[in-house]
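For reference, the structure is listed below as structure tokens.
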Amino acid sequence: MSKTAASLAPAADPSRWKALVFIALAQLMVVLDATIVNIALPSAQTDLGISDGNRQWVITAYALAFGGLLLFGGRIADKWGRKNAFVVGLIGFALASALGGAANGEAMMLGARALQGAFGALLAPAALSLLAVMFTDAKERAKAFGIYGAIAGGGGAVGLILGGFLTEYLNWRWTFFVNIPFAIVAAVGAWLVIRESAGSRNRAPLDIPGVVLSTTGLVALVYGFTRAESAGWSDALTVAMFAASAVLLAAFVLVESKVKSPLLPLRVLLERNRGGVYLSLGLAVISMFGLFLFLTYYLQVVKGFSPVKTGFAFLPMIAGMIAGSTQIGARLMTRVPPRLLMGPGFLVAGLGMLLLTQLEVGSSYPALILPAQVLLGLGMGTAFMPAMSLATHGVDPADAGVASAMVNTSQQVGGAIGTALLNTIAASATTAYLTDHAAEAAAGGPAGQLIQAQAMVEGYASAIWWAVGILVASSVIALTLINTGRPGAGGPVASGSGDDAELKVPVLAH
């Protein structure tokens, strides 16, 4: 950045580190909620009398609302102010969590989960964009995004631990009630310490056609993948959802290119560094979500781990993510270009995934699963940190909310795709194995049970091979599309959405 630009850049916010505590707490709550309910679901299903056919909606209702409303939430944050959106999102999330914990039937539970998703869609982009505008120094920004990236990457695994503990030692309702203190502390703290300039708001009128098209298009896409997992890829409604999503999202892009004040300005999406982040991160999350699913089932069903023991079995991955984000990514971000962290990071994660393709019924946790998790965590943590920082690369502050929403959208859609795609691949491989060993499986007894377990593990290993390929693709995309230099390196500034973007927001120079 030039001396003139540096002199005109806004002074660092004196309360930025205090604000980071509350922003990180809120992000942890949102990420936890994506997985914490999974382990509690069997108990909740029994208590509330939810049918097997409808139990997936406890997860899907949250995913649909969160994934479908993220862009809308990001633009609302730009328009209302990020602090206001952040606090309202926290209060709403707490109330929805209280409703879920007190649920006395299926309808109340599903409504609470949808409300959680809706308020999460307001909260998540506001949190990330607050970081983007509060931390202006390159080294401090790297540390802040290192912490945020570690939480974004490892929070899902923490949710498995906490969900198992609460379900086993208290009851499933506490997987909802636990959000309330998180939200209250974060909302009060944010209200007291965050100071936001009103000049950074986007006062343009809301793009209603864009809101309708993007929300319905994303909901159709997420629902299509979710339904494919249970009903199959050739199911008529699954195909209809994908077709509808393609038409609606194509119409959304067309509308955004024509209207004066678009919900998602195409400049946010088409800048190559931000586009590279959205695409590579979305693909990487496909692998991660699939892995959480397979390892959870492998450890509980094949190995016989309890919910709590399963949760703790994910600790090496969490430790690796924290180390990758704060000790590798944050330390190197100001010294090397982001692509040299993201590309190798995804490859290291791919190496960990490659180890897991060797999974067998009798595989040793210390010898195989633990080192694979460490490599996965280190790689993903190293890649997540610069990815989160680049999500708002060179963007005008008035667009920071919607740019932040896009990285959350890529993760949410990636998670839905990962669960459905990899689970379908695993199920097909399991079925093929059982067909080839039908005689042994029909024998029953210990031999038949062993064949069943081997079939499951064969399915997991087949899907994990796909996850390896997806992580390699993520690495190639990051190395190819992301061409910005290290922060503070000087030189031309990446294109923002306004002529004075360099003076308004910290950017990463080419």
Q. Looking at CD of Gln373 and CG of Leu368, how far apart are the two atoms once the value is rounded to the nearest 0.5 Å?
A. 10.0 Å
Q) Parallel, tilted or perpendicular: which describes the rings of Tyr62 and Phe66, with under 30° parallel and over 60° perpendicular? A) parallel
Can you give me every donor-acceptor pair (side chain of residues 282-293, partner residue at least two apart or in another chain, under 3.5 Å) with its distance?
residue, atom, partner, partner atom, Å
Ser287, OG, Ala467, O, 3.1

Q | Which residues share a salt bridge (charged side-chain N to carboxylate O under 4.0 Å, His left out) with Asp235, sequence neighbours left out | A | Arg227
(Q) Does Trp233, at its CH2 atom, have more than 12 non-hydrogen atoms belonging to other residues, nucleotides or ligands within less than 6.0 Å? (A) yes
Q) Just by modelled atom types, is the Ala426 backbone N or O under 3.5 Å from a matching donor or acceptor in the Thr430 side chain? A) yes
Q: Assess whether side-chain contact (heavy atoms from CB on, under 4.5 Å) is satisfied between Asn171 and Leu166, documenting all intermediate values.
A: CA-CA 6 Å; Asn171 66 52; Leu166 293 172; over 6 Å; no
Q | Flag, side chain of Ser363 to backbone of Leu359, donor-acceptor distance under 3.5 Å | A | no
Q. In chain order, what residues pass the side-chain hydrogen bond (donor to acceptor under 3.5 Å, both in side chains) check against Trp465, with sequence neighbours excluded?
A. none
Q.
Ignoring hydrogens, what is the shortest heavy-atom contact between Phe86 and Ile23? Give both atom names and the distance.
A. CZ-CA, 3.8 Å
Q: Without swapping roles, check the side chain of Ser474 against the backbone of Ile470 for a donor-acceptor pair under 3.5 Å.
A: yes
Q.
In the structure I gave you, are the side-chain heavy atoms of Tyr278 and Val268 within less than 4.5 Å of one another anywhere?
A. yes
Q) Side-chain contact, heavy-atom cut-off 4.5 Å: Leu351 with Val468? A) no
Q) Do you know which two heavy atoms are closest between Arg173 and Ala103, and how far apart they sit? A) NH1-O, 2.8 Å
Q: Could you check if a side-chain atom of Leu248 sits within less than 4.5 angstrom of a side-chain atom of Phe252, using non-hydrogen atoms only?
A: no
**Q.** Closest approach of Gly343 to Ala478 (non-hydrogen atoms, all atoms of both residues)
**A.** N-CB, 4.1 Å
Q: Drop me the distance from Leu279's CG to Arg272's CZ, to the nearest 0.5 angstrom.
A: 13.0 Å
Q: Show your working on side-chain contact (heavy atoms from CB on, under 4.5 Å) between Leu299 and Ile369 and close with a plain yes or no.
A: CA-CA 10 Å; Leu299 293 171; Ile369 299 171; 4.3 Å; yes
Q | Residues in side-chain hydrogen bond (donor to acceptor under 3.5 Å, both in side chains) contact with Glu106, at least two apart in sequence or another chain | A | Asn54
Q: Please name all residues satisfying side-chain hydrogen bond (donor to acceptor under 3.5 Å, both in side chains) with Ser462, sequence neighbours left out, ordered by chain then number.
A: none
Q | Arg113 side chain to Val58 backbone, donor-acceptor under 3.5 Å | A | yes
Q | Sidechain-backbone polar pair: Arg339 side chain, Leu479 backbone, donor-acceptor under 3.5 Å | A | no
Q | Atom of Gly352, atom of Leu375 and distance for their closest heavy-atom approach | A | CA-CB, 3.7 Å
Q: Working to the nearest 0.5 Å, report the span between CZ of Arg82 and CG of Leu123.
A: 14.0 Å
Q) With side chains defined as the heavy atoms from C-beta onward, is the minimum distance between Pro265 and Glu256 less than 4.5 Å? A) no
(Q) Between Asn273 and Asn483 (side chain of the first, backbone of the second, donor and acceptor by atom type, cut-off under 3.5 Å), is there such a pair? (A) yes
(Q) Checking the side chain of Glu458 only, and the main-chain atoms of Ala429 only, is there a donor and an acceptor separated by less than 3.5 Å? (A) no
Q: Report the residue from Phe294, Trp466, Tyr433 that forms a ring-ring contact (aromatic ring centres under 6.0 Å, His included) with Tyr460.
A: Phe294
Q. For Ser214 and Leu263, which heavy atoms make the closest approach, and how far apart are they?
A. OG-CD2, 3.3 Å
Q) Distance-only, no hydrogens or angles: does the Thr238 side chain make a donor-acceptor pair with backbone N or O of Ser234 under 3.5 Å? A) no
Q) Relative to each other, are the rings of Phe176 and Trp172 parallel, tilted or perpendicular (30° and 60° limits)? A) perpendicular
**Q.** Neighbour count above 12 (heavy atom, 6.0 Å) for Phe242 CZ
**A.** yes
Q.
Any non-hydrogen side-chain atom of Asp207 less than 4.5 Å from a side-chain atom of Arg75?
A. no
Q. Which is it for Met241 and Val219 under the side-chain contact (heavy atoms from CB on, under 4.5 Å) test, yes or no, and what are the steps along the way?
A. CA-CA 9 Å; Met241 285 295 105; Val219 164; over 6 Å; no
Q. Ring centroid separation for Phe93 and Phe119, is it under 6.0 angstrom?
A. no
Q) Checking side-chain contact (heavy atoms from CB on, under 4.5 Å) for the pair Leu471/Leu347: CA distance, chi angles, key distance, verdict? A) CA-CA 7 Å; Leu471 282 170; Leu347 284 180; over 6 Å; no
Q: Starting at CG of Leu115, measure out to CG of Leu110 and round the result to the nearest 0.5 Å.
A: 11.5 Å
Q: Answer whether the closest heavy-atom distance between the side chains of Val348 and Thr382 falls below 4.5 Å.
A: no
(Q) Measuring only between side-chain heavy atoms, which start at C-beta, is Val255 closer than 4.5 Å to Leu213? (A) yes
(Q) Using every non-hydrogen atom in the two residues, find where Pro125 and Gly120 come nearest and quote the distance to one decimal. (A) CD-O, 4.2 Å
Q: Look only at the side chain of Ser257 and the backbone of Leu254, and say whether a donor-acceptor pair between them is shorter than 3.5 Å.
A: yes
Q. Out of curiosity, Leu295 CG to Phe305 CZ, how far, rounded to the nearest 0.5 Å?
A. 10.5 Å
Q) Is there a donor-acceptor pair closer than 3.5 Å between any side-chain N or O of Ser245 and the backbone N or O of Gly217? A) yes
Q: Find out whether Val253 and Leu249 are in side-chain contact, i.e. whether some heavy atom of one side chain is under 4.5 Å from a heavy atom of the other.
A: no
(Q) Tell me which pairs pass side chain to side chain donor-acceptor pair (under 3.5 Å) where either residue lies in residues 89-98, with sequence neighbours left out. (A) Ser97-Gln116, Ser97-Asn179
Q: Find the distance between CD1 (Ile425) and CD1 (Ile464) and round it off to the nearest 0.5 Å.
A: 11.5 Å
